[in-house]
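Taking it in order: structure first as structure tokens, then the write-up.
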Amino acid sequence: MNTTMPPVQPGRNAAPQRSLFTLGAVLAAAGLAAFLAGLLGPHPQRAWQAFLINFLLWSAMAQGAVLFSAVTHTVKARWTGPLSGLAGAFAGFFPVSLACFLILLIGKNHLFPWLHEDLHGKEIWLNIPFLFTRDGIGFLILYGTGWAYLSQDLKLKFGTSAAGGGLRRMLAGRIPQSDTDIQRVQRRKNLWGGLYCFAFALVLSLIGFDLVMSMDPHWVSTLFGAYHFVKAFYVGLGALIILAAIVHLRRGRSAGIAAAHFHDVGKLFFAFCLLWADFFYVQLTVIWYGNIPEETSYVILRTVTPPWDALAWVVFIVCFIIPFVVLINRRIKTMPGAMIALCSIVILGIWLEHLLLLGPALNHAAAELPLGVTDGLVFVGFLGLMVLALAYTLKTFPEFLPPGGEAPR
Amino acid sequence: MNRRTFLKLAGLGSVSFAAGCSPESPKYLYSLVQAPEDMVTGKATWYASTCRECPAGCGIIAKNREGRVVKVEGNPLHPLNRGKLCMRGQAALQAVYNPDRLKTPLLKEKDGFVPIGFDRAQALLKTKVWEAARRGADRVRLMTEVVGESQMEIFRAALKNWNSSPPVVFEPFAYEALKVANREVFGVDGLVSYRLDQADMLLAFGAEFLETWLSPVEYAWKFKAMHAARGPEKGLFFLVSPFQTLTGANADHWLACAPGTEAVVALGLVRQLLDIRRGKHLPPDLREALEKATEPYQQEAVLKLSGIPLAQYEQLVVRLTEARRPLVLGAGSGQSDANGLAANIASNLLNLLLDPELSLIDAANRHRVETAARRAEVLDLFKALFSGQSDVLILNNVNPVFNLPPENGAKAALEASNLFVVSLSDFIDETSLLADLILPGSLPLETWDDYSGWSSLVSTLQPAMGKITEAPHIGDLFLDVGFETRPVPDYKTYIAERLRKTGRIRNELEWVRTLQQGGLFPAAGQVTSASPATRPQRLPRELASPYESPPAGLAFAVAPSVRFFDGRGANKPWLCEIPDPISRVAWQSPVMIHPATAKSKGLRTADVVRVTSRWGSLEAPVYATEVVHPGLVLMAAGQGHTAYGRYAKDHGANPLGLLPSAVEPACGGTGCGLPDITLEATGRSVELAHTDGSRIQHGRAFILTTTLADLQKGPPPARAGLTMGDFPLTLPLPEGYDPKRDFYPPHDHDHYRWAMVVDLDRCIGCGACAAACYAENNLGIVGEKRIVQGREMAWLEIVRYHDERRMERVMFLPMLCQHCDNAPCESVCPVYAPHHSSEGLNNQIYNRCIGTRFCSQNCPYKVRRFNWFDWEWPEPMNLQLNPDVTVRSKGVMEKCSFCIQRIKEARTWAKNENRPIREGEVTPACVQTCPTDALVFGNLMDKDSRVRRLCDDPRAYQAMGYLNTKPAVIYLKKVLHEV
Amino acid sequence: MTDLTYAQIDETVLNTLERPRPRYWVFVALMLCGVLLGAGAWAYQIFVGIGVGGQDIPVAWGTYLINFVFWVGIAHSGTLISAILHLFRAGWRNPIARAAETMTVFAVCCAGLFPFIHLGRAWQVYFMLPLPNQRLLWPNFLSPLMFDVVAISTYLTVSSLFWYTGLVPDLAVVRDRSTGLRHKIFRVLSLGWSGAHHQWLNYSRGYLFFAALATPLVISVHSVVSWDFALGVVPGWHTTIFAPYFVAGAIHSGLAMVLTLMIPLRRIFRYEAIITLNVLENVAKTMILTGLIVGLAYGTEYFIAWYSHNAVEWESFRWRAMGEYAYGLYFMILCNVLIPSLFLLKAVRRSVPWLFAISLAVNFGMWWERFVIIVGGVAHDFAPHAWGLYAPSLVEYCIMVGSFSLFFFLFLLFCKHMPSVSMTEMKETAHHAG
Amino acid sequence: MPAETCIMGLFKDDGKAAKVILDLPAAGFSFRRAHSPIPSHRILEALKLRKGRVGWFTLTGGIIGFFAGFALAIFTSVQWNLIVSGKPIVSLIPFFIVGFEFTILFSVFGNVIGLLVCSRLPDYGGLASYDPRCSGEHFGVLAACEAGREGELMDFFQKKGGEVKVFA
């Protein structure tokens, strides 16, 4: 239990070095440059598409990772050890994500194909002001609950001496002293944790419907929302594993992330790999079997029509086949190096999957895949932002990092 | 080789083969008393005959298998019905095989009827009549249904021998008013026929010519000849009546006049025409008199009395005066009261004013029913009988006790002890119940006879099957009892002789030919007609006194039923099972009232009400519908029998029981309605045995309509979307597949892809197709209770929808298995019971079916039917079953097979001549019988088959096509004059 | 978890196998009568025709299919609790796992009967088996019903084997503590289990794999069941969310049934020390989750029906809420979502009466959910001219009573003749705790 | 070869039992079998056994099942070659369901077989040298000693705090 975790003295060596910040900054700059270049270039909508895709992907990672912390806490899973702490760090990306969301507003004309077509009454739901208001509120709620949960978590971790900058103090509020306080914070933490899980399901479904499904305003799939948040958790776990692995590689056993932890989180990752595939298959089968053009045309375009068919196969292989085959083996789950590689592949896969879902809607009758250097660079840029966010959070709140010393068995 | 000529072969070739085309020795060929030589097991033989289910007298051909008739179809050579047949004609079989049909004569003794032998019965009758005859004049009376001339002659002769006066011909609907009108205006003392097909505008004051009026099948095809959309052309049909029945539902404009004011409107129109100087050709004094007589019917008065909105009325006047070949039809069959009389005279006058030549009135071909006696004479007869002026009364197939309103004297007369009543009926109906001797005669399908639906032609009857009772032919019976010694060996010879005497035939060969083709008549299309010669010189005296429209009150009207006619069909399970076209209620007889009326009385559909008039009262469930005038309570005739058989007894109520029997002196007829009745709730309610769900289609793409205006604009832009609204026509052929929409690869068919085109603009909703389907495919009869449970078995149902925008507009949709190319029903079956055949049919393999019913659940059209039980065919009904079609056992799913047995037969023919099946060679039962040719069947893979060409019609669409089922039933939109 | 000693555990459980009191046999007999009633009704239906039921066109599926889905649903949490929670090493599963698995096996038996009962020609059911035959008449593996056949039979086999495997060490315990006939029987049943180290070594591995395999199976089976509907085109049936939604619903109802069974069981068999209040509370907590998922699914369906602006879809859902069967919808929302969320209150989820009452409510609600879906869908589908309603007939009710009787009949027999709590697994938890 | 006697030490705690197992060889006794009411990893660790091989059976079963499922579906559908709902005769998307279920089914079969084979069940003979208490609350360690050393072995067990049971 987290309460039993001894208060830690974050050693300097634990916190990320400056080099990390520079790296992040460089990557981010590159991405930004590419994005701006794209905007000024002949196909601004391509730049916006890349932006949207990466926004969705990286936000999903952050949201998913934090969900890991919240959910394991809510079900009182005992096996997470330092992982749930690390997962909290991803909350650092929340503000970035929020900012990016607002930036979308600028590119609305390039981003929402339905702005230019007859919606037969769907305008009530699909219109820019309403869409941005509801989704904005959704994000606020999600990130709000997330932070609320984590701040309670931090309070418990700060322990007696909460030396540090203003933000620490502001967030931490007054540090619990007496046991009663601790219990109160405990209760709040439970509450916010539960709420975050709930908000996650609701808000990510909404985002899935609003920013992905509605891009083809005549197509619907009731499972799409759930599919979207399962995906988010999938990549979230991937990101978490990568982070944990890096920390482990940098600090060795002192990081206290035991093989068992990697094994367990690996199994969870595996489980969600299966779940993602399940949700994918479930939708495919029902639509394939029903054979109603209103539904099938969407899938046909993305799975059997060039140029998308190739992409579809790549996505399927990269997001399911590879991880499935690899993860059947249990030993691999305990090898941080291997897991970094695998998770990165999966994340890339989901990145492509977003392209598969959004691409056809945003590029009508595309001859070849709308995939180029810009897209790659924008991806890198967001990677940079993520690195920065993580580095900053971990620097400000070393409590997210595993405590030094021997790992508890 | 088109469908018709093929049928001719199938229908008559076999008979000629039977006859061997040799003049001699065809003696016993046509009766199956002994197994005939032309009977080949497994092979159908067709016998041409004449339908006697109503006085119209359509030509039929009867399909004989192993000595029993299994199906009747219209005779393609017959000018009246041109190969078509109505629901009632199809059901003729169910009289022959009716389980309640009498097998022996019954003699009434103290304790009820006892069966006796035919010889004894005949002997008894003979002694009775001759005793009576000796006792003096008019001691023997005969009341008969409308019969052919030969039989009539024999009757007359026999009665003459018994020194009694000629028979009284009883028809419940005897058109007294119409006859008077024709006499007064056309100088024709009878019933002229109408050349509807030549008209471009039609106005009726209640004449229900698509159901029962004069000759429904004839007028159905004629109506569509003028009314179906031909390119941008389409005839116009106005109905002025307080209610719509099937005919009204087919009107383009229904002017709902207050009950009893049809005459007012008609006279008003006469007035309008006179005002615009029509009818200059009339003799001045007549014209003057007319103007004077129609003085009270100025527009305001008409509108006030009839309650018709000005706009509608004006529209009518404009269209009527603009029309090039307008035709006006009078009041309905039953309407021989003052109102009906005035309306009929007025409509005849309208015809005269609109078309001095009367070119659309055909006095040469007159309807046989004109021989029916006026109601007054019928009632007089009963008075006479009651006063004991006769000893013997012979009733030939009439049921006055049921068909006449109460206080008609019939019951009293028949019960009079001194009168010996002989009923020649095959059933114990309300009348025969009172008879002293019931002596069943053989039914039309078993007998020799002739009948002239039109005065100009002769239509023959011949036994199309072996006898299942020993009942004698009525003709032969009279030859025996009516004469000291038989003047001719038998009735058949008598007919032949008569025809030879009248010079219609010269020799045996012609006689055989006549029998082969079912009569003596000009080939369809070469009918000669003649307009009435004389013109009226003076005002019809019936118009002298102005017509008083009845006081406003809740009125009651009885409409002849498209299913039971006057009630003679009520014991035929098919007719009971096939629901009423408007209410979709089977087995029961609801009273139809306007929703507003219902609301005001706090009634809802299915509440039981008591309707009371001065003469009687009945209880029936309410059916609220917009097709009746708010001031009217409408009810269909025919049900409410207290005898007559298991299917008729105690089903529904008999509305005639509410009517007065007083006759209108001017014409000697009565009406079918009365002005003031009371309607009160009983507080009970029943479950209606209706087969429909919602009355409107909630904006779905089942029935689509277009307007004449749109049609004239030319073909609409091709649809290319995915939604219900803009989904394109996707033929069930490889070209119907578009990789953008279809996950599944297209599949080929070998040589044939069977499909049907249904022209909703031609469909009048008469339900003949449904009846034909019951007959052809051995569909189970489930009965009232199970229809309530939603278990009817109709493979083809005429779906009725009200127009959401104008609830009083009714539209019909023949709904049958769509034989989709991507049929949702198929893949869900775990055992392949339904699957796609190599010729595109959606096969249902009964032996394989295990009854999961998933197919039905997944069918978007809900056309599949399930055998919830083993259905019963009480003896001898099982004899009617089509040997080519399996009788399904309990627990299996079934549905329309496009009459696959007929496809198989055609294939055999083709194989024998090793050639592909020809266009028109396969006609499913429904297609064959459709009076208006609304259904077309054929092979889509044949580029110039009719179905294929019709698919290019801009009106073509598929029901709910956006589900990508690719139905092989392609509908053509109904064309409205305006929305 | 529990602080009982091994001896106490053995004692508590073995006490339940004492010679039953007459009242027990009364109940057994009562249930047997119920079973006979159902069987009689079925026989009658076979002879007279499926029409003795209330089904019609358009609603050709009635309570038979509803009960089928209902029982399959019940069958789900058994494996869920054993397998998934075993994987997650949630110790609180151990006291209830056995009973839950048993529930699964019996529920599947009941469920499995209904497809047969529902057939128009039950005697031809073998057409659905891929039996090699001369005329090569094979079933159609494209049909959801064939998926059912495969899935349900797999599920029955697997859950029975899983159940028996888990039972073996306990059978040995009974063997070692019993004499006479029972000893002989259990000697055979326990396969000579001696708890030797090599047995345990493989046993724990095998059991783990069992769990790992059963988990996806649970999900797949109810997905397949959901596809009996979702693969159709009928509005209200054809929707992608069905598979997960049915799985969640199944678990929801299963957990409810677990409570319904456990609460009397722990009372009668004095299991309070083993099936502690914490255990029940954990079940309740899980039900909050499943309840929320189900609620989310209801919401999503309505939202999409509205969002899609598909006339047919929307009319079908509008009618669901306002038509003749609206009460069904409100039952299901109330009993499956609102009432279970009372479990958010600690007081409620720790009070046995409340737990019991709510578990009953959920069972009721889940039955109605199936009614709303199965009947509601087709009763108001594409063809307005064919819309119609449905009401179960007496025969159907009898068969329904029969199925419930059968379930409780089997369960009664089981819990008095077999260890209804896994002693071994209890000892393990005791072990870890101690 | 001198006759052996098997003696079982029964302990209330698997820690003790594990210790005994470790010490047995030193004391010159040969370990035969350990019986326990629950799977005790203390004992299993003490025995330093490799993981069981059940997994291989399961895997094999799974692979066979997967292909068997698809094979059945495809074979049967091509036998009749009937088009239903316009779907391809061989439609892998739905057939996957059959494949999947068979995979699970056969893996489980494999698993069960593996279980029986690896743990040599049913094994009624094995009960000869077995003490019923081992299914209760005792952890039994069965050791063998050559004739004459029974006393030592018993003492050994008792010293370790266990009860003793001798099998002739």
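What you see is a predicted model; the values in this text were computed from it and never measured. Labels below follow one simple rule: chain letters A, B, ... track the order of the sequence lines, proteins then strands, and each chain is numbered from 1.
Between chain C and the options D/Leu142, D/Leu82, D/Thr76, the largest number of non-hydrogen pairs under 4.5 Å is found for D/Thr76. Considering only heavy-atom pairs separated by less than 4.5 Å from chain C, the leading option among D/Pro132, D/Ser85, D/Pro122, D/Ser91 is D/Pro132. Interface remark: of the candidates C/Val221, C/Leu231, C/Leu208, C/Leu201, C/Leu201 forms the most heavy-atom pairs closer than 4.5 Å to chain D. Note: D/Phe100 leads D/Phe109, D/Phe102, D/Phe57, D/Phe100 in heavy-atom pairs under 4.5 Å with chain C. Contact count versus chain D (heavy atoms, under 4.5 Å) is highest, among C/Val168, C/Val188, C/Asp170, for C/Val188. Note on D/Ile104, D/Val98, D/Ile93, D/Leu44: by heavy-atom pairs under 4.5 Å with chain C, the leading option is D/Ile104. Options D/Gly125, D/Gly62, D/Ser107, D/Gly140 differ in how many heavy-atom pairs under 4.5 Å they form with chain C, and the most are formed by D/Ser107. Residue with the most contacts toward chain D among C/Thr5, C/Val224, C/Thr424: C/Thr424 (heavy-atom pairs, distance under 4.5 Å). Your options are C/Met146, C/His198, C/Arg175, and the one with the most heavy-atom pairs under 4.5 Å with chain D is C/His198.
In terms of heavy-atom proximity, D/Leu121 sits nearest to C/Trp193 at CD1-CE3, 3.6 Å. In terms of heavy atoms, D/Pro88 sits closest to C/Leu142 at O-CD1, 4.2 Å. In terms of heavy atoms, C/Phe141 sits closest to D/Ala73 at CD1-CA, 3.9 Å. Here the closest heavy-atom approach between residue C/Ala196 and residue D/Arg33 is recorded as CB-CD, 3.7 Å.
Each of C/Val158, C/Ile152, C/Thr154 was evaluated against D/Glu101; a single residue qualifies, C/Thr154, per the side chain to side chain contact (heavy atoms under 4.5 Å, CB included) test.
Residue contact with chain C, scored on non-hydrogen atoms closer than 4.5 Å, involves the side chain of D/Val112 exclusively. Of the two parts of C/Pro130, only the side chain, counted from C-beta on, holds a non-hydrogen atom closer than 4.5 Å to a non-hydrogen atom of chain D. Of the atoms belonging to D/Leu127, it is side-chain heavy atoms, and not backbone ones, that fall under 4.5 Å from chain C.
In this structure, C/Tyr6 OH and D/Ile38 CD1 are separated by 3.5 Å, a value rounded to the nearest 0.5 Å. If you take CH2 on C/Trp200 and OG on D/Ser119, they are separated by 10.5 Å, rounding to the nearest 0.5 Å. Note that CG of D/Leu105 is 7.5 Å distant from OG of C/Ser153, once rounded to the nearest 0.5 Å. Separating the OG atom in D/Ser135 from the NZ atom in C/Lys427 is a distance of 6.0 Å, to the nearest 0.5 Å. C/Leu161 CG to D/Asn111 CG: the interatomic distance, rounded to the nearest 0.5 Å, is 9.5 Å. A distance of 9.5 Å separates CD of C/Gln8 from CD of D/Glu137, quoted to the nearest 0.5 Å.
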